[in-house]
Amino acid sequence: MTSKNESLTYASSGVNIDTESASVKALISALGPVAHRKSGTFGAPVDHSGGFSGLIEFGDNLLALCTDGVGSKLLLAAQMDVYDTVAIDCMAMNVNDLLCIGAEPIAFVDYIAAPRPDAETWAALGRGLGEACRRARVSLCGGETASLPDMVREIDVSGTALGWLPKGMQLEGRVTSGDSIIGLPSSGIHSNGFSLVRKILMKSGLSLDDAAPFDIGPRADGLWRHSDGDVQLGEVLLNPTMIYVDPVVDLLQTCRGGDGPCSYDDIHGIAHITGGGLSNLLRLGADIGFVIDDALEVLPEFEWMQASGEISDFEMWRTFNMGMGMAMVVSHKSCDAVCRWLQERLAGCKRVGYVDAERRVLESNSGVSFDKY
């Protein structure tokens with residue numbers, strides 16, 4: 001149980017980002033030599049930095065693959081018996097990662113595990129997947145459902161996304177000191193940090209069907225409502241993750257074709273701001289740093305969570321997106337033009353910072369700094 005006077009952290013909620021990072025490194029190290037297809041053949045792996053997705057050769061093109069799930073946000077969905085939005089979360093967590101390498105998402109497969117099948121729940125997930133495919137512009141080309149009464153207590157939803165890009169067009173190793181950072185607004189908490197969110201909810205004494213204790217204000221992609229009347233706190237917490245295929249894919253394609261607001265060479269990197277918060281920017285290069293000197297407006301749910309959980313600035317910026325779901329790094333000379341182009345398609349985009357040579361991420365308003373992902 002959590003004391004009313006106890007300051008909460010992600011680690012105290014059961015998720016330690018540093019331990020998870022070390023565990024992933026241990027897993028990769030233990031793989032040892034892996035037999036794979038020869039370079040120059042279909043399916044041969046392509047080394048790249050960042051790790052938002054995998055890359056393989058496919059003739060004159062590259063295929064990008066990534067897999068992810070919704071996580072413990074599903075526990076809140078189960079409490080509210082609302083499952084359409086989590087299907088959008090699942091899609092978003094995958095296709096947004098594909099964008100970071102410069103890939104256009106084209107196909108998706110889902111995996112649903114449950115203690116038992118339920119037609120109404122399956123229908124809600126189907127509606128959500130249909131909407132997710134529309135937003136991500138992908139084909140749902142298969143999937144799998146599994147009833148696992150002895151293993152699974154609640155529904156789990158995950159998936160795998162496939163994307164493509166022309167060979168040589170991958171976004172990696174381009175970010176340099178002097179570049180500008182453009183922030184794309186989030187639609188809410190997205191799908192990270194919910195072990196901590198649930199602890200905050202318990203500590204606050206509020207329930208999911210209580211009216212949100214803050215003015216939700218305007219937000220990217222609006223708010224997905226499940227009820228009439230006052231906006232419920234649960235509706236804000238479950239609001240689905242923003243899918244950035246529109247406008248990011250259009251930007252990449254028009255710039256490659258010479259009709260965009262800048263040359264494709266002026267787009268240097270994209271970071272999906274997920275678990276780890278701003279530290280995700282460090283995945284874009286080894287010898288560079290990032291300064292956020294004009295952050296996007298922090299959404300009110302984050303302010304409420306910080307106050308209710310007595311959470312430090314460091315913990316908030318390390319765990320949540322804080323209102324910026326994706327960051328794009330472009331050359332300084334192209335920043336204004338790219339910002340104008342994005343703002344016409346997604347309100348709230350703006351320049352938020354710059355790249356320098358000091359290996360860290362600094363959020364200058366709070367003074368929070370990270371030197372590792």
Side-chain angles (χ1 to χ4, degrees), residues 7-26 28 49-52 68 71 93 96-97 100 171-186 189-197 200 268-299 301-303 305-306 309-330 350-373:
S7 179
L8 296 177
T9 66
Y10 204 12
S12 71
S13 302
V15 181
N16 187 304
I17 294 174
D18 292 332
T19 301
E20 288 201 355
S21 179
S23 299
V24 170
K25 290 178 181 177
I28 294 171
S49 59
F52 285 101
D68 205 346
M93 297 306 292
N96 289 346
D97 276 359
C100 296
L171 296 177
E172 57 128 6
R174 299 183 178 202
V175 179
T176 60
S177 181
D179 284 348
S180 296
I181 307 167
I182 298 172
L184 281 64
S186 71
I189 303 171
H190 286 185
S191 196
N192 295 102
F194 273 84
S195 293
L196 180 53
V197 172
I200 294 169
H268 292 171
I270 300 175
H272 187 193
I273 308 302
T274 56
L278 287 181
S279 70
N280 279 278
L281 287 164
L282 293 171
R283 301 166 73 174
L284 298 182
D287 300 315
I288 49 175
F290 304 84
V291 177
I292 305 300
D293 61 2
D294 189 18
L296 295 182
E297 184 176 355
V298 175
L299 292 173
E301 53 264 44
F302 295 117
E303 295 176 336
M305 289 192 300
Q306 181 168 17
E310 300 178 73
I311 302 173
S312 69
D313 287 340
F314 180 91
E315 195 71 21
M316 292 297 296
W317 288 99
R318 171 72 161 157
T319 307
F320 301 111
N321 68 65
M322 300 296 281
M324 182 174 73
M326 183 163 279
M328 181 175 294
V329 180
V330 301
K350 72 169 188 176
R351 176 210 169 273
V352 296
Y354 61 90
V355 179
D356 65 9
E358 186 177 344
R359 177 65 179 174
R360 53 84 183 90
V361 180
L362 171 66
E363 202 288 306
S364 59
N365 183 59
S366 64
V368 167
S369 179
F370 308 103
D371 59 9
K372 61 182 178 179
Y373 167 66

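- Shown here for S312 and Q306, the closest heavy-atom pair between the two residues is C-NE2, 3.6 Å.
- No more than 12 heavy atoms of other residues, nucleotides or ligands sit less than 6.0 Å from atom CD of E297.
- Contact of the F290 side chain with the L284 side chain is registered, since non-hydrogen atoms from C-beta on lie closer than 4.5 Å.
- Closest of all the heavy-atom pairs between I181 and A327 is CG2-CB, 4.1 Å.
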**Study point:** Test side chain to side chain contact (heavy atoms under 4.5 Å, CB included) applied to N96 and T274, step by step
**Key:** CA-CA 10 Å; N96 289 346; T274 56; over 6 Å; no

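- Counting non-hydrogen atoms of neighbouring residues, nucleotides and ligands closer than 6.0 angstrom, the CG atom of D313 exceeds 12 such neighbours.
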Exercise for review: Output, in order, the C-alpha distance, side-chain angles, deciding distance and verdict of side chain to side chain contact (heavy atoms under 4.5 Å, CB included) for L299 and S186.
Suggested key: CA-CA 9 Å; L299 292 173; S186 71; 3.5 Å; yes

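- In this structure, SG in C100 is found 9.0 Å from CE in M328, a value given to the nearest 0.5 Å.
- Two residues are said to be in side-chain contact when any heavy atoms from C-beta on lie closer than 4.5 Å; F320 and L196 meet this criterion.
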Exercise for review: Carefully, step by step, assess V355 and T176 under the rule side chain to side chain contact (heavy atoms under 4.5 Å, CB included).
Suggested key: CA-CA 7 Å; V355 179; T176 60; over 6 Å; no

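- Taking 4.5 Å as the limit, every side-chain heavy atom of N321 sits out of range of all side-chain heavy atoms of H272.
- You'll find the side chain of I288 stays beyond 4.5 Å of the side chain of D179, heavy atoms only.
- Proximity of M324 to L278: side-chain heavy atoms (C-beta onward) are separated by under 4.5 Å at one or more points.
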Point to revise | From CA spacing to verdict: side chain to side chain contact (heavy atoms under 4.5 Å, CB included), R351, D293 | key: CA-CA 9 Å; R351 176 210 169 273; D293 61 2; 2.9 Å; yes

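- Here the closest heavy-atom approach between residue S49 and residue G173 is recorded as OG-N, 4.2 Å.
- Closest heavy-atom contact between I311 and M305: CD1-O, 3.9 Å.
- Side chain of R283 to main chain of G51: a donor-acceptor pair is present (N/O by atom type, distance under 3.5 Å, no hydrogens or angles).
- Without hydrogens or angle criteria, N280 side chain to G275 main chain gives a donor-acceptor distance under 3.5 Å.
- You'll find the side chain of Y373 stays beyond 4.5 Å of the side chain of L281, heavy atoms only.
- The side-chain heavy atoms of M93 and N192, taken from C-beta on, include a pair separated by under 4.5 Å.
- Side chain of R359 to main chain of L282: a donor-acceptor pair is present (N/O by atom type, distance under 3.5 Å, no hydrogens or angles).
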